[in-house]
Amino acid sequence: MTVMSFLGAIGAAQREAMDADERVIIFGEDVEANVYGTTGAGKTRSDKGDFLQMYGRNRIRNTPISEESMVGAAAGAAMTGLRPIVDLSYSSFLYMAMDQFVNQVAKNRYMFGGQASMPVVFRSAMFYGLNTGAHHSDRPYPMFMNVPGLKIIAPATPTDAKGLLRSAIDSDDPVLTFEACLLWGSKEDVPEEEFWIPLGEARTAREGTDVTVVAISSSVPEAVAAAEALAASEGVSVEVIDPRTLVPLDRDAILRSVHKTGRLVVAEPAHRTCGAAAEISAHVVEEAFGVLKAPIVRVTAPDMQIPFSTALEKQMYPTRHTIEAAIRRVLDLPASAEATELASASAQ
Amino acid sequence: MTVMSFLGAIGAAQREAMDADERVIIFGEDVEANVYGTTGAGKTRSDKGDFLQMYGRNRIRNTPISEESMVGAAAGAAMTGLRPIVDLSYSSFLYMAMDQFVNQVAKNRYMFGGQASMPVVFRSAMFYGLNTGAHHSDRPYPMFMNVPGLKIIAPATPTDAKGLLRSAIDSDDPVLTFEACLLWGSKEDVPEEEFWIPLGEARTAREGTDVTVVAISSSVPEAVAAAEALAASEGVSVEVIDPRTLVPLDRDAILRSVHKTGRLVVAEPAHRTCGAAAEISAHVVEEAFGVLKAPIVRVTAPDMQIPFSTALEKQMYPTRHTIEAAIRRVLDLPASAEATELASASAQ
Amino acid sequence: METLSIDTLLEMQRRMLRIRAFDERASKMVKRGHIPGTVHTSIGQEAQVVGATMALSPGDYTTGNHRSHGHPIGMGSPLGPLMAELVGKATGVCKGKGGSLHLADFAVGSLGESGIVGSSIPIAMGAALSASVRGTEQVALAFFGDGAANQGVLYESMNLSGVWNLPVIFLCENNQYALSTPAHTVTSGVIADRAAGFGMPGIRVEDGQDVLAVHDAVSTAVARARAGEGPSLIEVVTYRYNEHSEGLRLGTDYRPADEREAWLKKDPIQLFREHLRSQGVSADELDAMEAEVLAEVDEAVAFTDASPYPDPSVAFDDLYTDTEYAA
Amino acid sequence: METLSIDTLLEMQRRMLRIRAFDERASKMVKRGHIPGTVHTSIGQEAQVVGATMALSPGDYTTGNHRSHGHPIGMGSPLGPLMAELVGKATGVCKGKGGSLHLADFAVGSLGESGIVGSSIPIAMGAALSASVRGTEQVALAFFGDGAANQGVLYESMNLSGVWNLPVIFLCENNQYALSTPAHTVTSGVIADRAAGFGMPGIRVEDGQDVLAVHDAVSTAVARARAGEGPSLIEVVTYRYNEHSEGLRLGTDYRPADEREAWLKKDPIQLFREHLRSQGVSADELDAMEAEVLAEVDEAVAFTDASPYPDPSVAFDDLYTDTEYAA
Ligand SMILES: Cc1ncc(C[n+]2csc(CCOP(=O)(O)OP(=O)(O)O)c2C)c(N)n1
Ligand SMILES: Cc1ncc(C[n+]2csc(CCOP(=O)(O)OP(=O)(O)O)c2C)c(N)n1
Ligand SMILES: [Mg+2]
Ligand SMILES: [Mg+2]
């Protein structure tokens, strides 16, 4: 075990995969200079340029700013013997390559009757909450969840970041990773050796019996904080489930937890309409209606673009306070005065 | 009143809007030759080329196959005094312009603090069910519903097609239209004069008291057929709600109906995960849990790409039989032998 | 111009004939409802397809577009599974999942046709990247139309492959129309001339009905690519005889009435037949070849007819390599 | 080269000074945490911005990119609301919703800066389309970087505006780097040379630090556009002095150590000061101008400091024109 940051864990998974399989290559904008901190030696940005030195320009490649052709090139390379990792930096840039994602990456294997496999990983970070304004703050994973043929991971801890990314790279199917920038600095003990966390297995971030909170990406630590606060103040036992993989989604784990608790809150940083929270809620009401004791409540970003000013932006994403308010609602607990105030200060 | 096809109704709305306001222009691939039948005189494809003759090349413009720049050009033109209608032909081509849709069309007005308005309409047809294979068969409206700032219509009748499109053209906000090709040929009496159907108002396609079916686009006639069949065979009273506008969604109309019936089925042709049906289900379970008597059941396309062969494709979309099966489930009626057989023949 | 063996020349004619016969049959089958949906024929463009594909070697890659049958046939794909695919049979080259718009035959290097205009261009570049990283001598070629030449992804791909010096050939099939739209009305400048700004050769093959002219231009580009000298853009001027797609019933009013007649006089198969005759190939031999090809198409149709439709459950395979579909 | 009045020349210098002073202040404010997030300065690139914007007339349009303050300042936008926007105040030009990456001031024709590289290029073309359809004499200019020049949408836009003969100018600010990436390592061919293939003039302004050289090239393109002769591509070679964005702390190791020094010697403001002196403008007058501009920036900061933050509810306005937000 070694203490590793989320960002360092991504670098470590990439390094181990590059060492293990020479078909793995990385390309993207500014990867040679390790601008985003994941093509260095695995811990900090100060190990700048290491990957380039270790693996050379054949396997570590700067690209022009041409997302659409980068994604297409990766798809073509993946169909012909490589296992590319494409660093797309910000999730807001994925739109540039949407045709390639939907029409080539997701469809080719299927359309061609299984002749192709598509072992490729597309990494991008969600930079919300950092005062970068509407263009850079997107959390677009729900629209990719609506596209059959893509797999999607959204790890919330350094361990998951390392183990899931490694499984993604080793998968023969295309995987998109959505990494919340707000989690980049988070640290924990992570196994130093190689390990794989299977795609499609949820993690129980906290066990509990009274209510289930399914939380995604940066909402996971917020949900855990809300759970701790409620345990302390109300003696309530909150279970927090982190799906970690959004496609395939561990629907069973969610249903098992709801069968135990009878109550569900879903928290995620994406926009509300047609988000992952909608999917989880709809699935649960269809499959576990009989055990539900209360409405399923979603805590999401509103259907609004992201404003720049700190005064405006901080209210846009789920926080421990808005999650606590939702848990109180499904448990029929009185709204805590403090939580209500903080919730209305921090979210609408 | 005059009998008008769905396609003719679109042409009629475009023609009336062009007559009413010279800022309205139409551009797209092959619009001059009226290839898709909506830039003719309003009834059939045989009136080919009429728009070009009536309005001239300044207002009716063929484009190169360059969706991304077409959408951007429309956005720039809309911000500076025109009211463009962009004919994007197939919905599967929208991905080419995803960056422009999400980052410019949807965000500009907001990011610029209201300085811009964006009166522009993007039309496209969903060509599913016609043996064109995975590339041409998409029904991608759910991913656009996750993007705040766009309005979305999905009419299911000629009257709605005409009235909603006219409201879309006259709206100062960007509107995307998704027109199911399967409905193109449907005909009904449509007012010949100008009329507007407000965005955001659902239509009750059929009144009923036992169960609500919210159905979208080509699922509307299927839902109505299922309702008629069940009325005849079981004496069940099914209410069918057609939202018509997906953004803004008439959530109140849906809730009102569920308050009356206590039961909900949602049917739509999009992929299941994070679809419009998920949104509607999640919203209802959150807002009307207390009145729900049964699980909310979704009838959607599966999370699968669309295969070419007729033998494979016909099972991919909701039909009257799969909708009937879902209604039976929420009403706790025995599965009809006939419906089960047809449902499993026509859908998975 | 490299001297080609008579066997190679005959094989060129054979492949052109195959494309012609296959597409003529497919056209009929669409009109009779035997093939569902529509198909886009390459009739009239055979020289351009075969001149290009026969400049490639085994192991090389192609990607294509909606005008999709010629490319795999040119690469040597057997006709039976292609025809079965068009009809949606289980024995189709894509198990009936692809259809006309999405033919692919990896066994002959055909990495897939694309219904989305322009979308398969970077896929070919990716195959070239793969060859380059793996250090093989493989080359990739992307077929696309004059319409597709206005999709931005082409220029991104030209730039990126230039920077990475990839063994890829961008082959524009300029049949002068994109659906109803004349190329010159939607193209600013000349397509082949766009290469220069991206640091690569741009060749315009004015006589795209001459299979040898196309073969020559593509061979030069292939040799460059294999020698590590990077990508090329080739624009081939050609003509489609039929309407944009079979059964679309858009007609072809958008084309001057006599234009087609003029092009029919330059028919690539007829022209090359004359060339072969001038090289001493007998009319009998050529007639026999035509008959053989027609028989091949008959066989492909018989194979198709004898094949079952796929079981509906097949629709739920092949999305992922390792995950069962779960609703 | 057109002869410009001394007033025009002085205004050029003033606008360059404004950009420099504004961005130097903004850089400090980022580092002190007074401006949240980051900003991309145009320091070193003032000649390129002002040479271009001053070739435009009232009523003309621009779109820009993440290196975003110079463009509206060059168009004459007052500094107070721009600075307030950077800090996120209610009095910001976008009410605090845009921030540095999304400045826009429609009052001076600035239709918006874009954080997404390349994304605003077709917006300018759309404004030119609007001018053309409405039959006005307005012109639109899109600013974008050498990095953006590899986004496909540029070539789609060049083609489409060529076909429609639109009054638009594509202005590439080639500061030789895209973040850490040297332009020559990711650009195949020469950017300006790409114009020819799209049927339009492509001009490379080698001395992009000379405001008059830029002004001249852009004026020619503007005159063409206004005369109905269509679009142009202009590539201006320039240099940014600072790191890619303030506070990124990526450093600038990717640039040769002495490169910046060499460019500092060709400082556009210093060069033009010398030119103005040679035209008989006194040092005192120029010093006074510098002082005035610094005072303007001080005022802009004071205005900003005195302004309130927006009420949180403001986040829920302006998405649509006619619909209240409903969760
Ligand atoms: C992205 C996209 N836009 C539009 C279409 C509709 N479409 C199909 S083929 C075609 C014309 C293509 O012209 P070209 O590239 O010249 O090929 P050709 O048909 O002439 O061989 C169009 C517009 C499409 N399939 N994909
Ligand atoms: C589509 C997209 N890809 C990547 C980025 C990240 N990014 C921001 S600025 C930049 C470099 C831009 O270089 P250039 O266009 O030359 O402008 P400069 O910064 O040099 O002025 C990059 C890669 C982005 N904002 N948008
Ligand atoms: Mg063509
Ligand atoms: Mg640059």
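To find a chain, count down the sequence lines: A is the first, B the second, and so on, and within it residues start at 1.
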Side chain, backbone, both or neither: which part of C/A315 has an atom under 4.5 Å from a heavy atom of chain A?
both
Quick check for you: among A/A106, A/P148, A/P119, which has the greatest number of heavy-atom pairs under 4.5 Å with chain C?
A/P148
Would you say the ring centers of A/F122 and A/F101 fall short of 6.0 Å from each other?
yes
Bottom line for C/I121: the part with an atom under 4.5 Å from chain A's heavy atoms is neither
Looking at C/D322 and A/K151, does any basic side-chain N land under 4.0 Å from a carboxylate oxygen?
yes
Show the nearest heavy-atom pair for residues A/I241 and A/A202, with the distance to one decimal.
CG2-CB, 3.9 Å
Closest heavy-atom pair, C/S120 versus C/S114, reported as atoms and distance to 0.1 Å, is CB-CB, 3.6 Å
Is a salt bridge present between A/E279 and A/R251, judged by a nitrogen-to-oxygen distance below 4.0 Å?
yes
Between A/E22 and A/R59, is there a salt bridge with N-O shorter than 4.0 Å?
no
In terms of heavy-atom pairs under 4.5 Å with chain C, the winner among A/A97, A/G81, A/G200, A/S171 is A/G81
When the 4.5 angstrom heavy-atom criterion is applied to C/L111 and chain A, the contacting part is both
Pick one of side chain, backbone, both or neither for A/E67, based on which atoms fall under 4.5 Å of a heavy atom in chain C.
backbone
Need one label for A/I25: side chain, backbone, both or neither, based on atoms under 4.5 Å from any heavy atom in chain C.
side chain
Pick one of side chain, backbone, both or neither for C/S132, based on which atoms fall under 4.5 Å of a heavy atom in chain A.
both
Chain C contact via A/V247 - which portion, at a heavy-atom distance below 4.5 Å:
side chain
Heavy-atom contact with chain C under 4.5 Å, split by part of A/N103
side chain
Salt bridge check, C/R67 against C/E173: does any charged N sit closer than 4.0 Å to a carboxylate O?
no
So, for C/H244 and C/H66, is the gap between ring centers shorter than 6.0 Å?
yes
I'd like to verify something: which residue of C/V163, C/L154, C/D105, C/T63 has the highest number of heavy-atom pairs under 4.5 Å with chain A?
C/D105
Bottom line for A/E68: the part with an atom under 4.5 Å from chain C's heavy atoms is both
Between A/Q100 and chain C, which part of the residue has a heavy atom less than 4.5 Å away: side chain, backbone, both or neither?
side chain
State plainly whether the residues C/R194 and C/E235 are in salt-bridge range, i.e. N to O under 4.0 Å.
no
Strictly below 4.0 Å, N to O, side chains only: are C/R226 and C/D60 in salt-bridge contact?
yes
For the interface with chain A, which of C/V153, C/V314, C/V133 has the highest count of heavy-atom pairs at distances below 4.5 Å?
C/V133
Winner by heavy-atom pair count (cut-off under 4.5 Å) against chain C, out of A/T63, A/L150, A/V71, A/N108:
A/L150
Check: A/F93 ring centroid to A/Y90 ring centroid under 6.0 Å
yes
Residue part contacting chain C, namely of A/I65, when any heavy atom lies under 4.5 Å:
neither
Can you tell me which portion of C/E85 sits under 4.5 Å from chain A's heavy atoms? Options are side chain, backbone, both or neither.
neither
Residue C/Y155 versus chain A: region with a heavy atom under 4.5 Å:
neither
Between chain C and each of A/M79, A/M111, A/R109, count heavy-atom pairs under 4.5 Å; write down the option with the most.
A/R109
Answer with side chain, backbone, both or neither: which region of A/A78 has an atom nearer than 4.5 Å to a non-hydrogen atom of chain C?
neither
So which of C/G99, C/A124, C/G92, C/S119 has the biggest tally of heavy-atom pairs under 4.5 Å with chain A?
C/S119
Answer yes or no: is there an ion pair linking A/R23 with A/D21, defined by an N-O contact shorter than 4.0 Å?
yes
In the structure I gave you, are the side-chain heavy atoms of A/Y95 and A/P140 within less than 4.5 Å of one another anywhere?
yes
